[in-house]
Amino acid sequence: MRVLVIEDHARLAALVKRGLEEEGYAVDLAPTGERGLALSAASEYDLAVLDLVLPGIDGFDVLSTMRRRGQRTPVLVLTARDAVDDRVRGLDGGADDYLTKPFAFPELLARVRALLRRGPVERPSVLVVGDLVLDPATHEVRRGDRSLQLTAKEFALLRYFMLHPGEVLSRDRLLEHAWDGAYDGISNVIDVYVGYLREKVDRPFGVRTLETVRGVGYRLRKPKPKP
C-alpha cells in the first residue's frame with residue numbers, strides 16, 4: 001500500500017515514514033503543499049497523511065484541490081491545530097479522519113489501517129484467499145493452520161496480491177504499490193520478491209497460487225468454487 005505524507009517538519013516526517021515503512025507501507029514525502037499536489041497528481045496513492053500548517057499552500061487548500069480534481073484518496077489530517085473549528089473545516093472539506101499532535105504512533109497506525117479498509121472501496125479487515133489468511137493489524141499470515149514469517153516487503157506485496165485475487169498485476173503496478181517513488185534499485189526486484197513469496201507461501205505446501213503471466217506480470221490464483 002502506497003502512502004503520501006505531506007509534512008514540512010522534516011524530523012516528524014522522517015519518523016512517520018520510518019514507522020509506516022516498518023509496517024510494510026511504501027511512503028513518499030512532500031515537504032510543501034505544492035509538492036504534495038504534484039505527487040498526488042502524478043501517482044496513485046492508497047492514503048495521504050496531511051499536515052494543515054504548510055509553507056505556501058496550506059493543508060486546507062491541498063485538500064480542497066485534491067477533491068476538486070476528483071481524487072478520492074483517503075486523507076488523514078495530522079496536525080497541531082486542535083480547535084473544533086479547524087476539525088470541522090477539515091472534515092467538511094473532504095478529510096476522512098483527523099488526528100492532533102502530539103499523537104501515539106499505535107493510534108496513527110490503527111487509523112491508517114481503518115482508512116485503508118474503507119476506501120475508496122470498502123475492504124475487509126482480514127484478507128482471505130482460499131486457505132491463505134492475512135491480518136494487516138497483527139501482521140500475521142497463515143496458510144491453513146501454519147503461520148508464515150514474512151519480511152515487511154514480502155507482507156506488503158502479498159497483501160496487494162490478496163486485495164486483487166485473480167487479477168493480473170503488472171510489475172510496474174506492483175512496484176508502485178509496494179515500493180516508494182524514490183526506489184531506484186534493481187529493475188527485477190518484483191521478480192525477486194515473488195520468488196521469495198513462492199518459497200514461503202506456495203512450495204512448502206505443494207501449491208502454485210502465485211502464477212506468472214508471461215509478458216504481463218503476476219496473478220494470485222483464486223480458488224475454484226466448490227460444486
Using 30° and 60° as the class boundaries, would you call the ring planes of H139 and F155 parallel, tilted or perpendicular? parallel

Quick one: sort the F105 and F103 rings into parallel, tilted or perpendicular, breaks at 30° and 60°. tilted

Start with the C-alpha gap between Y45 and Q71, add the side-chain angles, then the distance that decides, and say whether side-chain contact (heavy atoms from CB on, under 4.5 Å) holds. CA-CA 10 Å; Y45 289 94; Q71 292 172 281; over 6 Å; no

Report yes if the side chains of [X] and [Y] come closer than 4.5 Å at any heavy-atom pair, otherwise no.
X: L157; Y: L174; result: yes
X: L54; Y: I6; result: yes
X: L158; Y: L132; result: yes
X: R159; Y: L116; result: yes
X: H9; Y: R11; result: yes
X: P31; Y: E7; result: no
X: L76; Y: L115; result: yes
X: L47; Y: V112; result: yes

If a pair satisfies salt bridge (charged side-chain N to carboxylate O under 4.0 Å, His left out) and one of its residues is in residues 57-69, list it, with sequence neighbours excluded. R67-D96

Filter on salt bridge (charged side-chain N to carboxylate O under 4.0 Å, His left out), then keep only pairs touching residues 199-210, sequence neighbours left out; what's left? R143-D202, E154-K200, E199-R203

Check [X] against [Y] and note the closest heavy-atom contact, atom names and distance.
X: V77; Y: L52; result: CG1-CG, 3.7 Å
X: L127; Y: L163; result: CD2-CD2, 3.8 Å
X: V62; Y: L37; result: O-CD2, 3.7 Å
X: L63; Y: G90; result: CD2-O, 3.4 Å
X: T32; Y: P55; result: CG2-CG, 3.9 Å

R87/D82 salt bridge by N-O under 4.0 Å criterion: no

Between K101 and D51, is there a salt bridge with N-O shorter than 4.0 Å? yes

Working to the nearest 0.5 angstrom, can you tell me the gap between [X] [atom1] and [Y] [atom2]?
X: F161; Y: R219; atom1: CZ; atom2: CZ; answer: 11.0 Å
X: D92; Y: S64; atom1: CG; atom2: OG; answer: 13.0 Å
X: D28; Y: K17; atom1: CG; atom2: NZ; answer: 6.5 Å
X: T151; Y: K153; atom1: OG1; atom2: NZ; answer: 9.0 Å
X: M162; Y: L220; atom1: CE; atom2: CG; answer: 7.0 Å
X: L78; Y: L12; atom1: CG; atom2: CG; answer: 6.5 Å

[X]: partners by side chain to side chain donor-acceptor pair (under 3.5 Å), with sequence neighbours left out:
X: E107; result: R111
X: R198; result: T212
X: Y98; result: none

Six-ring centre of Y25, R2 cation under 6.0 angstrom, axis tolerance 45°: no

Same cluster for F60 and L91 if Ile/Leu/Val/Met/Phe/Trp/Tyr side chains link at under 4.5 Å? yes

Find out if a path of hydrophobic residues (ILVMFWY) with successive side-chain heavy-atom gaps under 4.5 Å connects L169 to V192. yes

For a side-chain contact (heavy atoms from CB on, under 4.5 Å) check, start with the C-alpha distance between S147 and Q149, then their side-chain angles and the critical distance, and finish with the verdict. CA-CA 7 Å; S147 179; Q149 301 301 314; 3.6 Å; yes

Determine whether V133 and V126 satisfy the following criterion, side-chain contact (heavy atoms from CB on, under 4.5 Å), listing intermediate values before the conclusion. CA-CA 7 Å; V133 179; V126 176; 3.6 Å; yes

Quick one, Y196 with L150, criterion side-chain contact (heavy atoms from CB on, under 4.5 Å). Give me CA distance, side-chain angles, the key distance, then yes/no. CA-CA 9 Å; Y196 292 159; L150 304 184; over 6 Å; no

Check for a donor-acceptor pair, side chain of [X] on one end and backbone N or O of [Y] on the other, with a separation under 3.5 Å.
X: H164; Y: E167; answer: no
X: S43; Y: S40; answer: no
X: E176; Y: E44; answer: yes

With sequence neighbours left out, write down each residue that passes side chain to side chain contact (heavy atoms under 4.5 Å, CB included) with P165, or none if nothing qualifies. V129, K222

Just wondering, more than 12 heavy atoms not from R35 lying within 6.0 Å of its CZ? no

